[in-house]
Amino acid sequence: MRDTRGARVVLGLLLAAALVLITVDHRGGGHSPLEALHGLGADVFSGVERAGANLVRPVRDFAATLAEAPSARRRIEELERENGRLRAELTARAMDRQRSEQLGRLLGLAGLGGYRIVPGQVIARRGVPGLEEVAQIDVGTADGVRPNMTVLNPEGLVGRVIRASEHSSTVALLTDPASAVGARLEGGNEIGVVKGLGRGMGDALVRLRLFDSSVTLTPGQRIVSFGSQEGAPYVAGVPIGVIERVEPTPGELTKMAIARPYADFSALDVIGVVVQGPRRDPRDAVLPPARAAAGGQMGGQTGGRTAGETDRDARAGSERGNAGRDAGRDADSRRNRGGNAGRGERADGGA
């Protein structure tokens, strides 16, 4: 608007009218004749304010989000790292409890057999030239480990050390086809050789060849190590496994059977290297209780057997154990035959 005389007159009239209205409204108080205009103005301007707020709020929130995005991202990353750390701690604690339990059982087995062991852990499974079933363990010459020492776990025989460096060693497993272990049937002096079957059987099984063809083999019989000369590479009395089935050998001078090892070779973890063998052959002392063995190792094949039959088997095993102890003197005379098996065991010692 241009500053003219007419414009000044209009502005003056508007100011005068505004002053009159303000005066009338102020003197009227709550009964002002302009009260209706107050309500109408409040409704109009409140609607305008709400519409403006709805338009401005998304822009304001977006600007705030942009401003806070870097710190929020850092917070999310911190929470993700903390969550990962907590999961790792829980996993480590569970594994520590499991390994502690295995170590306790391993020490119990070593105590029963009179073996002095160096505990360790399997850190890798790999093949080496000439052998296909091999494990790497985390103890070596610095811990007193040497080649041709027996390796066991809480369940039974695992294998023997074939190479040892300062802080790790290589173990040829019982299931390797090149391994051969002198073995004895529980409760007697019948001896033979256990050889691994490798991966060809699709399972961790071993084959027992018994030297005396007149001995009767039956599923459920248990096998322990007979022991090598001077305890190398295998000490005596370590549980090997349970016979699952007997193979027909018509016309041969030996008996054959397939056995399942006590050690679970698909889940090797805590192991012990026998750095000093027992002063006396522990015989069957290290074997688990006969009833537990029958339920755990042969449950799938003896599920139909009655409790009375199981009790009779347990009593028969006890009687065989007594007969074995009475025939201890005969074991010394047959040790020479085991020496031949021991020499067979060392046939793969240079691998």
Side-chain angles (χ1 to χ4, degrees), residues 105-117 150-158 174 181-194 206 208-212 215-229 231 233-244 246 255 257-263 272 274 276-299 302 309-335 337-339 341-342 345:
R105 291 163 49 212
L106 175 65
L107 294 175
L109 183 147
L112 283 174
Y115 314 123
R116 188 161 69 87
I117 66 170
T150 306
V151 181
L152 45 81
N153 75 351
E155 283 72 42
L157 186 64
V158 170
L174 173 67
V181 184
R184 177 179 57 80
L185 292 178
E186 174 191 10
N189 295 308
E190 298 84 4
I191 62 174
V193 174
V194 168
V206 294
L208 168 67
R209 180 183 294 273
L210 204 65
F211 295 147
D212 190 347
V215 176
T216 301
L217 291 177
T218 58
Q221 287 181 291
R222 302 190 292 173
I223 312 166
V224 299
S225 61
F226 181 69
S228 308
Q229 291 180 348
Y234 297 105
V235 295
V238 182
I240 292 179
V242 181
I243 293 177
E244 284 201 343
V246 179
K255 283 289 185 70
I258 300 297
R260 181 173 300 278
Y262 281 110
V274 180
Q276 182 176 325
R279 295 182 179 179
R280 299 178 60 184
D281 186 346
R283 300 289 294 175
D284 304 330
V286 187
L287 282 168
R291 189 180 299 274
Q297 295 290 338
M298 298 300 297
T302 60
E309 290 172 333
T310 305
D311 291 338
R312 285 195 296 273
D313 289 345
R315 287 195 295 271
S318 177
E319 292 170 0
R320 289 197 301 270
N322 293 333
R325 286 190 293 272
D326 293 338
R329 290 188 298 270
D330 295 339
D332 294 334
S333 64
R334 296 197 182 189
R335 182 68 66 174
R337 294 172 64 187
E345 296 162 15

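Because the structure is predicted, anything quoted here is derived from the model rather than measured.
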For a quick test of reading the model, state the closest non-hydrogen atom pair linking Gly237 to Pro282 and the distance between them.
CA-CG, 3.9 Å
Which heavy atom of Val235 sits nearest a heavy atom of Thr150, and at what distance?
N-OG1, 3.0 Å
Applying side chain to side chain donor-acceptor pair (under 3.5 Å) to Arg280 and not counting sequence neighbours gives none
Donor-acceptor under 3.5 Å (Ser225 side chain, Ala183 main chain):
no
Once rounded to the nearest 0.5 Å, what's the spacing between atom CG of Leu152 and atom OH of Tyr262?
14.5 Å
Smallest heavy-atom separation, Gly272 atom then Leu106 atom, equals N-CD2, 3.7 Å
Smallest separation among heavy atoms of Leu157 and Val151, with atom names:
CD1-O, 3.7 Å
Could you walk me through whether Leu109 and Asn153 pass side-chain contact (heavy atoms from CB on, under 4.5 Å), step by step?
CA-CA 9 Å; Leu109 183 147; Asn153 75 351; over 6 Å; no
Search all heavy atoms of Gln221 against all heavy atoms of Leu185 and return the closest pair with its distance.
NE2-CD1, 4.0 Å
Leu210 vs Glu190, side-chain contact (heavy atoms from CB on, under 4.5 Å): CA-CA, chis, key distance, verdict:
CA-CA 7 Å; Leu210 204 65; Glu190 298 84 4; 4.2 Å; yes
Applying side-chain contact (heavy atoms from CB on, under 4.5 Å) to Val224 and not counting sequence neighbours gives Arg184, Asp284, Leu287
Please assess Val286 against Val238 for the test side-chain contact (heavy atoms from CB on, under 4.5 Å), listing each intermediate value before the final yes or no.
CA-CA 7 Å; Val286 187; Val238 182; over 6 Å; no
Mind listing the closest non-hydrogen atom pair of Tyr115 and Val274 along with its distance?
CB-CG1, 4.0 Å
If the condition is side-chain contact (heavy atoms from CB on, under 4.5 Å), which residues does Leu107 pass it with, not counting sequence neighbours?
Leu103, Ile117
Check whether Arg279 reaches the backbone of Gly114 with its side chain - one donor and one acceptor, N or O, closer than 3.5 Å.
no
Go through it in stages, so that I can follow the logic: the residues are Phe226 and Val181, the test is side-chain contact (heavy atoms from CB on, under 4.5 Å), and I'd like the CA-CA distance, side-chain angles, deciding distance and then a yes or no.
CA-CA 8 Å; Phe226 181 69; Val181 184; over 6 Å; no
Between atom CG of Leu208 and atom CG of Leu217, what is the distance when rounded to the nearest 0.5 Å?
6.5 Å
Sorted by chain and residue number, the side-chain contact (heavy atoms from CB on, under 4.5 Å) partners of Thr216 (sequence neighbours excluded) come out as Thr218
Is the backbone N or O of Glu186 less than 3.5 Å from a side-chain atom of Arg283, with the two atoms forming a donor-acceptor pair by type?
no
